[in-house]
Amino acid sequence: MSRFWSPFVKDLVPYVPGEQPKLNRLVKLNTNENPYGPSPKALAAMAAELNDDLRLYPDPNSDRLKQAVADHYGVETAQVFVGNGSDEVLAHIFHGLLQHDAPLLFPDISYSFYPVYCGLYGIAYEQVPLDEQFQIRIADYAKPNGGIIFPNPNAPTGCLLPLDAVEALLTAHPDSLVVVDEAYIDFGGDSAIALVSRFDNLLVTQTLSKSRSLAGLRVGLAVGHPDLIEALERIKNSFNSYPLDRAAIAGASAAFDDREYFDATRQKVIDSREHLAAQLEAKGFEVLPSAANFIFVRHPQQDAAELAARLREHGVIVRHFKQARIAQFLRITVGTPEMNQALLDALV
Ligand SMILES: *Cc1c(COP(=O)(O)O)cnc(C)c1O
């Protein structure tokens with residue numbers, strides 16, 4: 001702390017990301033990255049951008065990328081916002097669309113960045129407990145609120161709220177903005193983007209970090225009614241005119257265009273998830289049903305923190321959250337079959 005800090009900074013509680021170890025030998029199953037590389041077409045498109053044109057600013061509106069997203073989902077470009085990772089998109093959403101008198105609602109077990117943004121922007125919030133099976137129960141959200149946000153599938157549980165339940169929630173809260181954070185939807189659910197043209201109170205966010213394997217590029221997006229998108233554009237253009245660089249616009253667009261690679265790699269992850277879940281159940285673990293690229297597991301006899309420490313000694317890192325209700329769970333990212341086998345071997 002120093003006397004130069006703006007007063008509110010001393011009370012900020014920042015998000016703590018999963019470890020990015022400097023050691024290469026580790027089997028990294030802790031931050032839900034995709035074990036397969038990005039689309040070769042995305043890599044080629046980015047390489048083609050690395051030339052003298054980098055002296056020029058990128059397109060401030062990322063039109064090429066908005067068009068690729070719009071084409072992929074069958075929406076209008078005016079319904080699409082893009083940003084520097086979905087974390088930045090979420091920050092703009094909290095800032096521009098979720099600052100109201102009534103508290104923002106989100107699950108008690110959820111993406112731990114949400115309370116951080118509430119702290120940054122001074123937003124009151126209320127956490128709504130998941131039910132005993134760690135599922136979102138939409139009836140529990142029937143209370144005064146200034147908006148509702150949740151990941152779907154939820155993080156870190158991996159559990160999916162089916163699309164008809166999302167629709168029921170939107171219908172029950174016509175005067176609340178409902179933000180569905182679909183960071184993992186491509187691994188097992190139907191996107192609520194199918195509903196944006198019918199619900200002006202729906203905003204869906206997605207990221208290229210997981211299913212498109214571009215966590216290092218930092219690209220995320222939101223899809224919703226043009227009036228919601230306009231609020232985000234206002235914030236963005238009051239904050240950073242060029243959140244996406246030339247390589248990011250080209251690479252992300254090419255990744256959206258390459259549907260074949262996308263489908264092939266996400267299917268491999270889904271198949272590995274089912275295999276890994278079955279193997280862990282055979283070893284006595286309880287595995288929550290996952291629609292994501294990770295699984296959330298606990299062992300009835302083994303302490304989660306000790307398990308995580310033991311795995312680390314074997315060179316395998318997973319995520320453990322020291323948090324009420326889930327302190328005995330581990331979140332394990334689905335890797336390649338070889339990585340998953342290394343995890344299973346370390347558990348003997
Ligand atoms: C990974 C993740 C994000 C952030 O994605 P980036 O685009 O990499 O910033 C957002 N929400 C949830 C629930 C995530 O797990």
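As the structure is a computational prediction, the values presented were derived from the model and not from experiment. As the structure lists them, so they are numbered: ligands from 1, and atoms in each ligand from 1.
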Between His320 and Ala327, is there a donor-acceptor pair closer than 3.5 Å when you use the side chain of the first and the backbone of the second?
yes
Does ligand 1 have any atom that is closer than 4.0 Å to a heavy atom of Gly220?
no
Would Phe113 count as a contact residue for ligand 1, given that I'm defining contact as a non-hydrogen atom of the residue lying under 4.0 Å from a ligand atom?
no
Looking at Arg310 and Glu306, is there a salt bridge between them, counting it only when a charged N and a carboxylate O are closer than 4.0 Å?
no
Can Lys268 be said to sit on top of Tyr36's aromatic six-ring, NZ or CZ under 6.0 Å from centre and within 45° of the ring axis?
yes
Numbered atoms and elements of ligand 1 in range of Tyr184, under 4.0 angstrom, heavy atoms
1 (C), 14 (C), 15 (O)
Distance under 4.0 Å to a non-hydrogen atom of Thr207: what atoms of ligand 1 satisfy this?
5 (O), 6 (P), 7 (O), 8 (O)
The atoms of ligand 1 lying under 4.0 Å from a heavy atom of Gly85, numbered in the order shown, are 7 (O), 9 (O)
Do Glu286 and Gln328 have side-chain atoms, one donor and one acceptor, less than 3.5 Å apart?
no
Please determine, by modelled atom types, if Gln267 and Asp271 share a side-chain donor-acceptor pair under 3.5 angstrom.
yes
Just to check, does Arg218 reach to within less than 4.0 Å of ligand 1 when the distance is taken from its heavy atoms?
yes
Using 30° and 60° as the class boundaries, would you call the ring planes of Tyr114 and Tyr111 parallel, tilted or perpendicular?
perpendicular
Can you tell me which residue and heavy atom of the protein come closest to atom 5 (O) of ligand 1, and the distance to 0.1 Å?
Ser86 OG, 3.0 Å
Give the atoms of ligand 1, by number and element, whose distance to some non-hydrogen atom of Ser209 is under 4.0 Å.
6 (P), 7 (O), 8 (O)
Just going by heavy-atom distances, which of Asp181, Asp87, Asn152 is nearest to atom 4 (C) of ligand 1?
Asp87
State yes or no: are the ring centers of Tyr57 and Tyr242 separated by less than 6.0 Å?
yes
Quick one: look up the protein heavy atom nearest atom 1 (C) of ligand 1 and list residue, atom name and how far away it is.
Lys210 NZ, 1.2 Å
